Chemist: 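Sending over a structure as structure tokens; questions will come in a sec.
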Protein chains: 2
Amino acid sequence: MAKRDHAEVCAEVCTHPEILEKVAPEMPDEERLYDLAELFKVFGDTTRIRILYVLFESEMCVCDIAELLNMTQSAISHQLRILKQARLVRSRRDGKTVFYSLDDDHVRTVIGQGMEHIEEKHGRKRA
Amino acid sequence: MAKRDHAEVCAEVCTHPEILEKVAPEMPDEERLYDLAELFKVFGDTTRIRILYVLFESEMCVCDIAELLNMTQSAISHQLRILKQARLVRSRRDGKTVFYSLDDDHVRTVIGQGMEHIEEKHGRKRA
DNA sequence: AAAACATATGAACATCTGTTCATATGTTAG
DNA sequence: CTAACATATGAACAGATGTTCATATGTTTT
């Protein structure tokens, strides 16, 4: 996240001005890039991935998830909060229990693509 | 990543055994879930996201990327290593300079879906 | 071979992140 | 209202992560 004043990397010999001019305008603004990284950070934790996978099957209450994943209620609750803030998960209350479910289909697509990627690469690596 | 011996969360009243039995077999094994989280961790950093976006346009050498992102050569090189280990990026050497490019199309798909997600949610949030 | 250049890498440091523990909030039953 | 239950949350701690700095590796030129 830190930015240098001006990167003095190498002589401009290496830098190709046409490329620089072509790339710069295509870049989304900093805010979007930041938000995007934040979103993927949410996917970048085993516990949260497991929670999402569990919710693929059906909506579920906090204690069910905790039981399934063999973790404390507190840990799960903390992670659900993060998933909810990222709008990957939504909740509805029914009496004492709160049911969580997937918020939209991007979750499936993103995770699906991620899975494809690692499957493919593992195959290549171990063949 | 830490696992509890046995989560003593709530009475089994709340836990629905049918759900547990249904979900458990659908879960990918621990190794895949771990690898998947590791993959998304790679996407979960602004610098790396920016590098990937830059590479959407064309292959590029390290110092070009550093210049474009206004960061040190060292920082970029470290991040490129991570991207390469995740097989998101590949490199080819041409004399002194090393050119990096996207390794496959999952990168575009994943980032594209991520973008769609945040666009949609921002719209909903601010409407 | 030596100098110059592009890239890679190890160690150190500050920051961020996930879990735990204790406790607060919210809901229903008695 | 009180007790019991389900969930949420704040503080603290340990472990992970990204950048910097110094330096090493690899390549070309002279």
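What you are looking at is a predicted structure, and each value in this text was computed from that prediction instead of being measured. Below, chains carry the letters A, B, ... as their sequence lines are ordered, and counting in each starts from 1.
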Chemist: Choosing from C:dG18, C:dT7, D:dT19, which nucleotide comes nearest the side chain of A:Asp45?
Modeler: C:dG18
Chemist: Establish whether the base of C:dA8 is bridged to the side chain of B:Gln73 by a donor-acceptor pair shorter than 3.5 Å.
Modeler: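 Checked by distance alone, the answer is yes.
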Chemist: Before giving the answer on salt bridge (Lys or Arg N to Asp or Glu O under 4.0 Å), spell out for B:Arg32 and B:Asp35 the whole-Å C-alpha distance, their side-chain angles and the decisive distance to 0.1 Å.
Modeler: CA-CA 5 Å; B:Arg32 282 195 206 301; B:Asp35 289 347; over 6 Å; no
Chemist: Got a second to check how far A:Tyr34's OH is from B:Ile118's CD1, nearest 0.5 Å?
Modeler: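 CD1 of B:Ile118 is found 12.0 Å from OH of A:Tyr34.
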Chemist: In terms of relative ring orientation, are B:His106 and A:His117 parallel, tilted or perpendicular, with 30° and 60° separating the classes?
Modeler: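 Geometry flag for A:His117 against B:His106: perpendicular rings.
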Chemist: Give the rounded distance in Å between these two atoms: CD1 of A:Ile82 and P of C:dG18.
Modeler: 5 Å
Chemist: Rounded to the Å, how far apart are A:Asp64 CG and D:dC5 P?
Modeler: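 Taking CG of A:Asp64 and P of D:dC5, I get 17 Å after rounding.
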Chemist: Starting at atom NZ of B:Lys84, determine the distance to atom C1' of C:dT9, rounded to an integer number of angstrom.
Modeler: 14 Å
Chemist: Out of D:dG26, D:dT7, D:dT19, which has the shortest distance to the side chain of A:Val62?
Modeler: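 Minimum distance to the A:Val62 side chain belongs to D:dT7.
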Chemist: Does A:Ser74 contact D:dT9 through a side-chain donor or acceptor facing the base, at a distance under 3.5 Å?
Modeler: yes
Chemist: Whether A:Arg48 contacts C:dG18 is assessed here as follows: a side-chain N or O lying under 4.0 Å from the phosphate OP1 or OP2. Is that the case?
Modeler: yes
Chemist: Ignoring backbone atoms, test whether B:Lys96 places a side-chain nitrogen or oxygen under 4.0 Å from the OP1 or OP2 oxygen of D:dG26.
Modeler: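 For D:dG26, OP1/OP2 do not have a side-chain N/O of B:Lys96 under 4.0 Å.
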Chemist: Nearest whole angstrom, please: distance from the C1' of C:dG18 to the CG of A:Asn70.
Modeler: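 Distance check: A:Asn70 CG to C:dG18 C1' gives 17 Å.
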Chemist: Send over the distance from B:Phe99 CZ to D:dT27 C1', rounded to a whole Å.
Modeler: 14 Å
Chemist: In sequence, state the C-alpha distance, the side-chain angles, and the governing distance for A:Glu120 and B:Arg87, and then conclude on salt bridge (Lys or Arg N to Asp or Glu O under 4.0 Å).
Modeler: CA-CA 10 Å; A:Glu120 192 177 293; B:Arg87 310 253 192 179; over 6 Å; no
Chemist: Rounding to a whole Å, what distance do you find between B:Glu38:CD and D:dT17:C1'?
Modeler: 11 Å
Chemist: The side chain of A:Thr47 is closest to which nucleotide in this list: C:dG26, C:dT19, D:dG18?
Modeler: C:dT19
Chemist: Check whether any side-chain heavy atom of A:Val107 sits under 4.5 Å from a side-chain heavy atom of A:Phe43, and report yes or no.
Modeler: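 Yes, close enough: below the 4.5 Å cut-off.
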Chemist: Just to confirm, is there a sub-4.0 Å distance from OP1 or OP2 of C:dA6 to any side-chain nitrogen or oxygen of B:Tyr100?
Modeler: no
Chemist: Nearest to the side chain of B:Arg81, heavy atoms from C-beta on, is which of D:dT19, C:dT9, C:dA8?
Modeler: C:dT9
Chemist: Measure from the side chain of A:His78, starting at C-beta and using heavy atoms only, and say which of C:dG18, D:dG10, D:dT19 lies closest.
Modeler: D:dG10
Chemist: Can you tell me the distance, in whole Å, between the CG atom of B:Leu80 and the C1' atom of D:dG18?
Modeler: 14 Å
Chemist: Expressed in angstrom and rounded to an integer, what is the separation of B:Ile76 atom CD1 from D:dT19 atom P?
Modeler: 8 Å
Chemist: Compare the minimum distances between each of D:dT7, C:dA8, D:dC5 and the side chain of B:Ser77, then state the nucleotide with the smallest one.
Modeler: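 Among the listed nucleotides, the one closest to the side chain of B:Ser77 is C:dA8.
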Chemist: Select from B:Gly95 and B:Gln79 the residue whose nearest nucleotide in DNA chain D is closer to the 5' end of that strand.
Modeler: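 The 5'-side residue here is B:Gln79.
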